[in-house]
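To find a chain, count down the sequence lines: A is the first, B the second, and so on, and within it residues start at 1. These numbers were taken from a predicted model, which means no experiment stands behind them.
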Protein chains: 2
Amino acid sequence: MADFLTIFNKLSELTKSAEDDLHYCLQNKSVNKGDYLLRRREVCKKLYFIEEGLTKTFFSNEEKEFIMQFFAEHALFTVVDSFVSQTPSTYEIMALENTTVTYITWKDLQILCKKHHCIEAAFSKLLSIATINMMKRISEMLEESATERYNHFLDDNGKLLQRISLGDLSNYLGITQGSLSRIRANK
Amino acid sequence: MADFLTIFNKLSELTKSAEDDLHYCLQNKSVNKGDYLLRRREVCKKLYFIEEGLTKTFFSNEEKEFIMQFFAEHALFTVVDSFVSQTPSTYEIMALENTTVTYITWKDLQILCKKHHCIEAAFSKLLSIATINMMKRISEMLEESATERYNHFLDDNGKLLQRISLGDLSNYLGITQGSLSRIRANK
DNA sequence: AGTAAGTTTTATCAATTGTAAAAAACATGA
DNA sequence: TCATGTTTTTTACAATTGATAAAACTTACT
């Protein structure tokens with residue numbers, strides 16, 4: 001709970017009053033491994049902070065699943081398009097471990113943004129970070145081979161490797177599980 | 001010039017006073033085909049609106065070039081990471097046609113954001129749209145084959161096809177020019 | 001230990017994409 | 001029109017990745 005405020009404070013310095021109001025709006029939730037924080041076609045009403053655990057944000061077609069992002073402890077995230085426009089989501093969020101989150105609802109955040117400029121600034125900053133992360137991902141997908149993307153993932157998220165199934169990792173990298181196994185074998 | 005304001009107004013309704021201030025800050029520039037609006041390692045100091053023409057935002061390594069986005073007339077854009085943090089850019093912007101832009105500098109935008117909440121809101125909205133676009137692109141790269149991505153590009157940007165070289169298009173799709181030619185031939 | 005369920009690896013073959021170089025088509029200016 | 005430079009297509013071959021299914025390995029539970 002305190003950490004949510006810490007992270008928000010890093011995005012944009014909060015006034016004491018804003019921090020108090022924000023603190024007051026925060027809620028907690030625990031879900032088990034395999035549970036969903038958001039289902040397809042639901043409106044994403046929450047901005048999440050992970051206290052503990054691990055989630056994946058993904059979408060799927062009839063045959064396959066595609067993973068946009070993993071979020072582990074201390075990550076602050078939401079499904080941007082559904083959240084900002086309060087429209088049904090094409091993405092889902094599932095807990096990959098027993099997970100505890102702190103969250104603020106869209107409604108509450110709206111109110112706080114109106115009231116406290118520093119909170120609005122923090123959220124705006126979060127959006128710009130999201131864009132930058134997405135651009136980085138696209139760059140890697142354009143420039144790197146599957147092997148390079150795998151190694152890059154290890155460099156950036158080495159610690160997560162033990163916690164993510166290789167099936168999920170392959171769905172994140174955009175290759176089949178067979179291909180990922182081949183890549184891992186060639187070492 | 002008027003169009004820049006129109007687009008900004010669509011992002012967030014501007015007060016008369018904000019609109020006047022914004023109008024006052026806008027500047028124009030024309031560049032020839034092949035000219036750069038931004039070079040690598042430069043700080044991107046401008047938020048651009050294309051009055052007329054076409055640009056590509058890209059990066060390159062020793063051998064190849066990779067295109068993040070094309071922007072044609074009435075597009076409002078910048079290089080997000082360099083612009084928001086005012087740090088050197090890894091991306092470059094080049095005009096693919098003789099191009100006229102209207103722009104506002106980061107400095108002026110900063111000032112206006114402080115002064116007019118509606119302008120800050122508009123820029124924030126622009127960031128959220130950028131994130132959403134990037135997520136859409138990643139989704140397509142994960143889910144679709146090169147052939148599907150090409151067809152998808154035609155559906156979304158059919159009119160641009162005549163204006164973009166196939167070399168550039170292949171660098172956008174993340175395939176070689178040879179592959180793209182093959183895809184186009186199979187019809 | 002033994003079983004069942006889930007995960008990861010391996011193997012085979014097919015399809016896609018990359019590489020490199022040549023040929024063809026197109027555009028431009030002398 | 002010719003000549004030149006650029007862009008696009010084509011080709012043959014190599015490398016990578018996909019699809020599928022079976023085998024090996026883990027894990028959790030009884």
For residues 69-76 of chain A, dump all side-chain donor-acceptor pairs below 3.5 Å to protein atoms at least two apart in sequence or in another chain.
residue: A/Glu73; atom: OE1; partner: A/Gly53; partner atom: N; Å: 3.4
residue: A/Glu73; atom: OE1; partner: A/Arg163; partner atom: NH2; Å: 3.0
residue: A/Glu73; atom: OE2; partner: A/Arg163; partner atom: NH1; Å: 2.7

**Prompt:** Going by atom types alone, do A/Thr102 and A/Glu51 pair a side-chain donor with an acceptor below 3.5 Å?
**Reply:**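 A/Glu51 and A/Thr102 do have a side-chain donor-acceptor pair below 3.5 Å.
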
**Message:** Assess, by modelled atom type and distance only, whether the side chains of A/Ser179 and A/Arg182 contain a donor and an acceptor separated by less than 3.5 Å.
**Reply:**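 Note: A/Ser179 and A/Arg182 side chains meet the donor-acceptor criterion.
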
**Item:** Cluster check A/Met94, A/Leu166: I/L/V/M/F/W/Y, side chain < 4.5 angstrom
**Value:**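 In one cluster: yes.
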
**Prompt:** Quick one: are the ring centres of A/Tyr172 and A/Phe58 less than 6.0 Å apart?
**Reply:**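 Between A/Tyr172 and A/Phe58, the centre distance exceeds or equals 6.0 Å.
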
**Message:** Name the residue from A/Thr78, A/Thr99, A/Val101, A/Thr55 that meets the side chain to side chain contact (heavy atoms under 4.5 Å, CB included) definition with A/Ile93.
**Reply:**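 So the option named by the test is A/Thr55.
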
Can you tabulate the close N/O pairs, meaning under 3.5 Å, that link protein atoms to atoms of nucleotides 25-30 of chain D?
none

Spacing of [X] atom [atom1] relative to [N] atom [atom2], expressed in whole Å:
X: A/Gln177; N: D/dA23; atom1: CD; atom2: C1'; answer: 14 Å
X: B/Glu144; N: D/dG18; atom1: CD; atom2: C1'; answer: 17 Å
X: A/Asp168; N: C/dG6; atom1: CG; atom2: P; answer: 15 Å
X: A/Leu161; N: C/dT7; atom1: CG; atom2: C1'; answer: 14 Å
X: A/Leu169; N: C/dT9; atom1: CG; atom2: P; answer: 11 Å
X: A/Asn186; N: D/dA15; atom1: CG; atom2: C1'; answer: 12 Å
X: B/Leu166; N: C/dA27; atom1: CG; atom2: P; answer: 13 Å

**Prompt:** So what does B/Ser181 touch, heavy atoms closer than 4.0 Å: a base, only the sugar-phosphate, or nothing?
**Reply:**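 Touches a base.
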
**Item:** Sequence neighbours excluded, every pair satisfying side-chain hydrogen bond (donor to acceptor under 3.5 Å, both in side chains) that has a member inside residues 33-47 of chain B
**Value:**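 Only B/Arg39-B/Glu92 qualify under side-chain hydrogen bond (donor to acceptor under 3.5 Å, both in side chains).
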
**Request:** Evaluate the side-chain proximity of A/Asn9 to A/Glu19: yes if any heavy-atom separation is below 4.5 Å, no if none is.
**Result:**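 Counting from C-beta outward, A/Glu19 and A/Asn9 do come under 4.5 Å.
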
**Prompt:** Looking only at side-chain N and O atoms, does B/Arg184 come under 4.0 Å of OP1 or OP2 in D/dT8?
**Reply:**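 Answer is no, no contact under 4.0 Å.
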
**Request:** Scan for salt bridge (charged side-chain N to carboxylate O under 4.0 Å, His left out) pairs involving residues 53-63 of chain A, sequence neighbours excluded, and state none if there are none.
**Result:**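 Pairs touching residues 53-63 of chain A that pass the test: A/Lys56-A/Glu65, A/Lys56-A/Asp168.
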
**Test: B/Lys16 and B/Asp21 ion pair at under 4.0 Å** =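 Looking at B/Lys16 and B/Asp21, the cut-off is not met.
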
**Request:** Can you pull out how bent the helix from C/dA1-D/dT30 to C/dA30-D/dT1 is, comparing the axes over its first five and last five pairs, to 10°?
**Result:**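 Result, rounded to 10 degrees: 30°.
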
**Message:** Please find the pair of heavy atoms, one from B/Thr87 and one from B/Ser82, that lie closest to each other, and give the distance.
**Reply:**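 Nearest pair, atom of B/Thr87 first, then B/Ser82: O-OG, 2.5 Å.
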
Please list, pair by pair, any protein nitrogen or oxygen found under 3.5 Å from a nitrogen or oxygen in nucleotides 15-21 of chain C.
residue: C/dT17; atom: OP1; partner: B/Ala146; partner atom: N; Å: 3.2
residue: C/dG18; atom: OP2; partner: B/Thr176; partner atom: N; Å: 3.1
residue: C/dG18; atom: OP2; partner: B/Thr176; partner atom: OG1; Å: 3.2
residue: C/dG18; atom: OP2; partner: B/Ser179; partner atom: OG; Å: 2.6
residue: C/dG18; atom: N7; partner: B/Arg182; partner atom: NH2; Å: 3.0
residue: C/dG18; atom: O6; partner: B/Arg182; partner atom: NH1; Å: 3.1

